[in-house]
Number of protein chains: 4
Amino acid sequence: MSLPKPAAQSAILSAARTEFAQKGLAGARVAEIAERAGVNKQLLYYYFGSKDQLYRAALEDVYAEIRAMERKLELDQSPPEEAMAALVGFSFDYLAQHPDFIGLLNHENAHGAQHVRTSPAIRRTNSPLVELIASTLRRGVRAGVFRKGIDPIELYISVAGMSYFFFSNRLTLASIFDRDLARPEAIDSYRRHVIATALAGLRR
Amino acid sequence: MSLPKPAAQSAILSAARTEFAQKGLAGARVAEIAERAGVNKQLLYYYFGSKDQLYRAALEDVYAEIRAMERKLELDQSPPEEAMAALVGFSFDYLAQHPDFIGLLNHENAHGAQHVRTSPAIRRTNSPLVELIASTLRRGVRAGVFRKGIDPIELYISVAGMSYFFFSNRLTLASIFDRDLARPEAIDSYRRHVIATALAGLRR
Amino acid sequence: MSLPKPAAQSAILSAARTEFAQKGLAGARVAEIAERAGVNKQLLYYYFGSKDQLYRAALEDVYAEIRAMERKLELDQSPPEEAMAALVGFSFDYLAQHPDFIGLLNHENAHGAQHVRTSPAIRRTNSPLVELIASTLRRGVRAGVFRKGIDPIELYISVAGMSYFFFSNRLTLASIFDRDLARPEAIDSYRRHVIATALAGLRR
Amino acid sequence: MSLPKPAAQSAILSAARTEFAQKGLAGARVAEIAERAGVNKQLLYYYFGSKDQLYRAALEDVYAEIRAMERKLELDQSPPEEAMAALVGFSFDYLAQHPDFIGLLNHENAHGAQHVRTSPAIRRTNSPLVELIASTLRRGVRAGVFRKGIDPIELYISVAGMSYFFFSNRLTLASIFDRDLARPEAIDSYRRHVIATALAGLRR
DNA sequence: AATGAATGAGAGTTCATTCAT
DNA sequence: TATGAATGAACTCTCATTCAT
């Protein structure tokens, strides 16, 4: 981490992330990843050992990235309601802008989270976002604007779920309801709905 | 469709549903499905033509099933808030009890909903649940208990999302938060959280 | 065994025997075996599962064959010295005519006899030849022409060794001594030497 | 050759000898040899050019070693029978103590002695042992204790064969006869058998 | 309706070797 | 003298699919 990795290594990681997000572990093609990265196929093995280990590395990479983003959030000074709205908004926006993350999570879940569960690197790092949610909740309760008894993890899951499902199932939903959910207005309208719903659930 | 299918055919369909739900289209093995169904591998081809068509059939099967369940709901007589709580609860419970459905949806989304989009059988059938939500919303607005301007599709997406994410990402979440989300109490607690959050968002 | 195997199966087995004998397990090429057998490469996997299992099958096949040959020997009526000379001669001649057997044994030994050791089919079957040697030894001792105290297994090993080494190392030896050991006269001369040496060691 | 080689070079040679002896030319891994020798993989290429040339070097090395040992034998003063027994014993003991030599020979034979045949270094050097056998035979014949007409090369082959086969096929034989041939007593007993058999074949 | 035999295409991976420093 | 990075060729094996009955 401290030494600069060879450029090839991060090119591979980046290509892998995209390919795995789109096609999953089984569906992804090693040759395709190599080509996207502009390197020889065997270099993947030189650096990562196997397709499986490359997948794991890509997964850890994407988790590290989102946690780095979360760590940048600074909302301690804002009023609790504003802060919470910002957190929900951040969560929504991050997914809106990182389809790779959704793709990887989708596949990971589809396979029982095997890799997440066995990756110390992922398990080790706490989620800064959940901790921010927890502290904001406490501030809101103290300020008398939020109900007591809200579980921060449950809150996180419901907020993440509302956003995640929208993006992960967007195409399925769009097809079934015959409504184009990719339009900026559609996204923005749903974003407001999510924030409103989340906050409504917190008020006394 | 109206005639009773040969036993072998539904055995295949059932095995396919499980296998595809667990491993996705690319990861599933035709040989494995045949073995689970207790039939010769070639029978799949005899009945369904190809792996892809079998996947599609399994997908349509699972959609038909959930819509049949939805169609049984009769909540016109209940007060709007009760009815809405029941709808949210139904949505949550169905996912709790049908991991196959989640698995298939996950894979489907992971691959751009290609099959859902091109399946007339799926697109043709409206979702009875969304229609029930819409009518219940209208009743609630009329009765003065719900806000105006709630979009039923957005409401459906947020409700489904809160539930779906919990079950689809349960293992990932359990691992990251180190909390066993499979315990009945954990499920029940989150169920109440979802219903409370959904309804809070509707009230005036 | 009781049902006639598909022709392809024994064609594969035969081709495998030759290829493995010539190049060993690591050096042999699955594609080459398939081509020699005139079948599709994947049929090997259909029938034998893997290169390793095919190697094992070929090894068992070759052992079964030599034991079948040994079982045909009937020397109970001959005088002990004649019988023993015949046994030594048989052992020599068999190797002379079955380079595949030598090749397979060579490779097997070179790798610690891993497959022989773990093949119940090979370990189960006793060597009829060693039993014949033992009984002939006993007859000779009783008749007063052979010494007491000769161990039949040691005798077998020394006899087999004299023959085996000649054929297995023939090319190396020929090169070092600059003498063509493939000439029929050379073979015949050495054959007589082996029989004479073996019998000399037995006489009182 | 006359100058002391760099340490790395002989470390490679030694590692190569072991690896090739155990796995043969095809089965040996260049990376494994480098690791055993504690050097970078590319150094093998720097010194030896290719895997094949390294194999050849290891083979020549091992031949040079055995010939150096043979050259040390001084038996001109002993009575012919004693001298011959010592020669047979030496041949047996050398193999007992140099499994690498057996391994390399095994592989070499398994592949038609290609490298021995084309190595001037190996072909050039006569075998001191065979010459000693020849001279001892002549002395014995002159002394009236050995038969006339024994071919020294045939004698050498049979003696080497009895020993070589025991060690090279030890594991196979042990497995088939269910007798532990690695026990010191088993080795010693067979050693006596070999010497007795060889000498019996020479007596008038 | 049902099956064992057989196949073609392509996937992941290994491995000796070379490049560049 | 020594090495980390990179590559091309080839190999084993998997898998959906078809043939023939």
Side-chain angles (χ1 to χ4, degrees), chain A residues 3 5-9 12 25-34 37-55, chain B residues 5-9 12 25-34 37-55, chain C residues 3 5-9 12 25-34 37-55, chain D residues 6-9 12 25-34 38-55:
Chain A
L3 291 177
K5 291 176 194 168
Q9 206 166 137
I12 292 170
L25 176 51
R29 294 292 160 247
V30 166
E32 176 73 20
I33 295 174
V39 303
N40 183 282
K41 190 170 59 155
Q42 279 55 272
L43 206 56
L44 311 202
Y45 290 90
Y46 181 70
Y47 282 125
F48 297 96
S50 72
K51 186 189 187 185
D52 213 81
Q53 285 171 275
L54 175 56
Y55 175 80
Chain B
K5 296 170 191 170
Q9 203 164 337
I12 292 170
L25 176 51
R29 296 290 161 248
V30 167
E32 176 74 17
I33 295 175
V39 304
N40 183 282
K41 201 169 49 158
Q42 278 55 272
L43 207 55
L44 311 201
Y45 290 90
Y46 182 75
Y47 280 129
F48 297 95
S50 74
K51 186 189 186 183
D52 214 82
Q53 285 170 277
L54 175 56
Y55 175 80
Chain C
L3 289 178
K5 291 176 195 167
Q9 207 167 136
I12 293 170
L25 176 50
R29 294 292 160 244
V30 166
E32 176 73 19
I33 295 174
V39 302
N40 182 283
K41 194 172 53 159
Q42 279 54 276
L43 206 57
L44 312 202
Y45 291 90
Y46 181 70
Y47 282 124
F48 297 96
S50 73
K51 187 190 188 184
D52 213 82
Q53 285 171 277
L54 176 56
Y55 175 79
Chain D
Q9 202 163 339
I12 292 171
L25 177 51
R29 297 290 160 247
V30 166
E32 176 75 17
I33 295 174
V39 303
N40 183 283
K41 201 168 48 157
Q42 278 56 269
L43 206 56
L44 309 202
Y45 289 90
Y46 182 74
Y47 280 128
F48 297 95
S50 73
K51 185 190 187 183
D52 214 81
Q53 285 169 277
L54 176 55
Y55 175 81

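Residue numbers begin at 1 in each chain, while the letters A, B, ... track the order of the sequences.
When the C1' atom of E:dT17 is taken as reference, atom CD1 of D:Ile33 falls 14 Å away, rounded to whole Å. Atoms CG (B:Leu43) and C1' (F:dA16) sit 16 Å apart, rounded to a whole Å. Distance, C:Gln53 CD to F:dC13 C1': 12 Å, rounded to whole Å. One interatomic measurement links the two molecules: CD of B:Gln9 to P of E:dA2, which rounds to 10 Å at whole-angstrom precision. Following rounding to the nearest Å, B:Leu44 (CG) and F:dT18 (C1') show an atom-to-atom distance of 14 Å. Here E:dA11 presents its C1' atom at 15 Å from CG of A:Asp52, a figure rounded to the nearest Å. Look at OH on B:Tyr55: it is 20 Å from C1' on F:dT17, rounded to the nearest Å. When the C1' atom of F:dC15 is taken as reference, atom CG of B:Leu54 falls 15 Å away, rounded to whole Å.
Within 4.0 Å of C:Ala28, counting heavy atoms only, lie sugar-phosphate atoms of the nucleic acid but no base atom.
In terms of position along DNA chain E, the nucleotide closest to B:Tyr47 lies nearer the 5' end than the nucleotide closest to the other residue of the pair B:Tyr47 and A:Gln42. Each of C:Leu25 and D:Tyr46 was assigned the nucleotide of DNA chain F with the nearest heavy atom; the assignment lying further toward the 5' end belongs to D:Tyr46. Mapping A:Lys41 and B:Gly49 onto DNA chain F by nearest heavy atom places A:Lys41 closer to the 5' end of the strand.
Checking F:dA20 for Watson-Crick or G-U wobble geometry (two distances, each under 3.5 Å) identifies E:dT3 as its partner. Taking a pair to require two hydrogen-bonding distances under 3.5 Å in either a Watson-Crick or a G-U wobble arrangement, E:dC15 pairs with F:dG8.
Side-chain N/O atoms of C:Tyr45 include one lying less than 4.0 angstrom from OP1 or OP2 on F:dC13. For E:dT14, the OP1/OP2 oxygens have no side-chain nitrogen or oxygen of D:Arg29 closer than 4.0 Å.
Across F:dT17, E:dA16, F:dA6, the shortest atom-to-atom separation from the side chain of A:Ala8 is found for F:dA6. For B:Asn40, the listed nucleotide lying nearest its side chain is E:dG4; candidates were E:dA16, E:dG4, E:dG8.
Taking the side chain as every heavy atom from C-beta outward, B:Val39 and B:Leu44 approach each other to under 4.5 Å.
In plain terms, the two heavy atoms of A:Ala26 and A:Arg29 that are nearest each other are O-NH1, 3.2 Å.
Summarising the geometry, atom CG belonging to C:Leu43 is positioned 13.0 Å from atom CD1 belonging to C:Ile33; distances are rounded to the nearest 0.5 Å. The line from CD of B:Gln42 to OH of B:Tyr47 is 14.0 Å long, rounded to the nearest 0.5 Å.
No N or O donor and acceptor, one from the side chain of D:Lys51 and one from the base of E:dT17, sit under 3.5 Å apart.
Between the side chain of C:Lys51 and the backbone N or O of C:Tyr45 there is no donor-acceptor pair closer than 3.5 Å.
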